[in-house]
Amino acid sequence: MALPPCFLLLLILILLPGPAVGLQGLGEGAEMAAGLPELELLELPELEPPELEPECRRLLGAFAEGSAALSGCLARRARPVRLCQACRGHYSTLLGLYRDIALGNSSESHNCAKSILTSDRLQIVVTLSEFFNETWEAANCANCLKNNSEGLSNSTVEFLDLFNKSLTCFEHNLQGQAINESPNNYTEVCKNCNGTYKMLNDLYNNLQKLNRHGSESGHSAHLCIDVEDAMNITRKLWSRTFNCSVPCSDTVPVIAVSSFILFLPVVFYLSSFLHSKQKKRILILPKRIQSNASLVNIQEKYS
């Protein structure tokens with residue numbers, strides 16, 4: 001059977017040495033391709049958040065240290081409460097640092113407010129500042145300090161001086177108490193410390209009255225927490241622990257007014273009774289006179 005011409009032509013081309021050379025060329029091309037350097041993927045650098053300016057970094061670090069100092073002071077002075085006396089320096093420093101961040105005190109800190117205060121949703125610095133401000137206002141520390149917050153006001157110094165004298169008097173009389181006396185007998189304390197305690201109590205009441213008048217102009221009606229807590233401690237010691245009582249100087253007027261008010265109903269009912277009895281007499285007397293006159297006329301008719 002004869003092969004087709006196209007098949008014979010194809011067979012001849014395969015058997016010729018040229019294709020071998022071509023295949024060899026293909027092999028050499030593959031070897032050359034294998035010898036080329038492989039393409040490497042470009043490695044992107046690790047993305048880091050933009051760093052703060054040196055001045056902003058310094059302000060942020062100072063605010064962090066100030067917040068830690070103020071937090072520690074508030075916690076240590078929680079009982080007995082001495083926040084306004086002991087922590088006013090830390091609070092003033094923190095206010096100044098926050099003001100420097102928010103407003104800026106140099107050209108370098110111009111962008112610190114944006115990068116520190118409002119660059120994220122949480123706003124840690126703003127939250128901490130609001131917490132400290134709310135705590136300071138709730139304690140009413142402004143009522144204990146001078147207008148520029150440089151120190152304690154004169155009335156606060158006077159009150160704290162009497163408070164310390166009262167505690168010293170309590171302690172001194174407790175130490176000098178006789179051994180054979182009952183532990184619950186605090187007669188000496190009540191007797192010897194009555195004057196100091198009364199002065200302290202009167203001063204506190206006066207401060208409250210003055211502060212209530214000031215509250216009408218928008219200020220808080222409470223005294224600062226240091227003064228309130230000191231007075232609460234003293235009153236508890238005086239009334240509960242020592243079981244002392246302060247004699248009221250207005251006892252006689254109060255008793256007189258109370259007696260007069262209680263006696264008023266008796267006077268009212270007695271006067272009503274006498275008035276009604278006298279009225280009955282006035283109504284009855286004319287009837288008796290009229291009956292006597294008619295009796296005389298009847299006797300004259302029959303005589």
Side-chain angles (χ1 to χ4, degrees), residues 59-105 113 117 124-171 196-238:
L59 290 174
L60 183 59
F63 185 86
E65 294 177 358
S67 300
L70 182 56
S71 299
C73 181
L74 294 176
R76 287 190 299 269
R77 302 295 180 172
R79 294 303 310 161
V81 182
R82 299 293 183 269
L83 306 182
C84 305
Q85 302 173 59
C87 304
R88 66 178 186 273
H90 297 296
Y91 180 72
S92 299
T93 301
L94 198 67
L95 279 182
L97 290 172
Y98 186 83
R99 191 182 302 112
D100 292 341
I101 294 174
L103 303 179
N105 56 1
L117 302 181
I124 292 293
V125 174
V126 177
T127 303
L128 287 174
S129 178
E130 290 177 351
F131 166 75
F132 290 126
N133 289 333
E134 291 173 358
T135 303
W136 199 256
E137 291 175 1
N140 292 315
C141 289
N143 291 336
C144 286
L145 306 176
K146 297 179 180 178
N147 293 331
N148 51 6
S149 299
E150 291 181 356
L152 298 175
S153 62
N154 295 332
S155 59
T156 304
V157 173
E158 182 182 1
F159 176 86
L160 293 177
D161 182 60
L162 283 175
F163 170 70
N164 293 328
K165 289 181 179 178
S166 299
L167 295 184
T168 303
C169 183
F170 295 162
E171 184 179 1
T196 307
Y197 175 79
K198 189 176 183 300
M199 292 173 60
L200 180 68
N201 193 61
D202 292 342
L203 178 59
Y204 181 81
N205 292 334
N206 292 333
L207 291 176
Q208 278 190 322
K209 291 178 182 179
L210 293 174
N211 205 52
R212 289 193 188 99
H213 291 301
S215 64
E216 297 176 357
S217 60
H219 299 286
S220 175
H222 292 282
L223 296 174
C224 74
I225 191 62
D226 292 21
V227 173
E228 288 183 347
D229 186 71
M231 194 67 227
N232 290 336
I233 291 174
T234 311
R235 285 175 174 174
K236 287 179 181 178
L237 289 173
W238 185 259

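On a predicted model such as this, the values are computed, not experimentally measured, just so you know.
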Considering all heavy atoms, the nearest [X]-[Y] contact:
X    : Y    : value
A78  : L83  : N-CD2, 4.4 Å
I233 : P80  : CD1-CB, 4.2 Å
D226 : C84  : OD2-N, 3.2 Å
R88  : E150 : NE-O, 4.1 Å

Any chance you could lay out the side-chain contact (heavy atoms from CB on, under 4.5 Å) test for F132 and S71, step after step, and finish with the verdict?
-> CA-CA 9 Å; F132 290 126; S71 299; 3.3 Å; yes

Quick one: [atom1] on [X] to [atom2] on [Y], what's the gap to the nearest 0.5 Å?
X    : Y    : atom1 : atom2 : answer
R99  : L59  : CZ    : CG    : 13.0 Å
N143 : S155 : CG    : OG    : 9.0 Å
N164 : T196 : CG    : OG1   : 12.0 Å
E134 : S129 : CD    : OG    : 9.5 Å
L160 : E158 : CG    : CD    : 10.5 Å
M231 : F163 : CE    : CZ    : 9.0 Å

State, with a plain yes or no, whether a side-chain heavy atom of [X] is found less than 4.5 Å away from one of [Y].
X    : Y    : answer
C73  : R77  : yes
D229 : R79  : yes
T168 : K165 : no
Q85  : T156 : no
L223 : Q208 : yes
L128 : F63  : yes

Give the C-alpha distance, both sets of side-chain angles, the deciding distance and a yes or no for side-chain contact (heavy atoms from CB on, under 4.5 Å) between K146 and L152.
-> CA-CA 6 Å; K146 297 179 180 178; L152 298 175; over 6 Å; no

With a 3.5 Å distance limit and no angle check, can you tell me whether [X] reaches the backbone of [Y] through a side-chain donor-acceptor pair?
X    : Y    : result
S153 : C144 : yes
N140 : I225 : no
N211 : L207 : no
N201 : Y197 : no

Mind checking side-chain contact (heavy atoms from CB on, under 4.5 Å) for L117 and listing every partner two or more places apart, or none if nothing turns up?
->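 side-chain contact (heavy atoms from CB on, under 4.5 Å) list for L117, sorted by chain: Y98, I101, A102, A113, V125, V126.
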
Which word best sums up how the rings of Y91 and W136 line up, parallel for under 30°, tilted for 30 to 60°, or perpendicular for over 60°?
->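 The arrangement is parallel - the two ring planes meet at less than 30°.
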
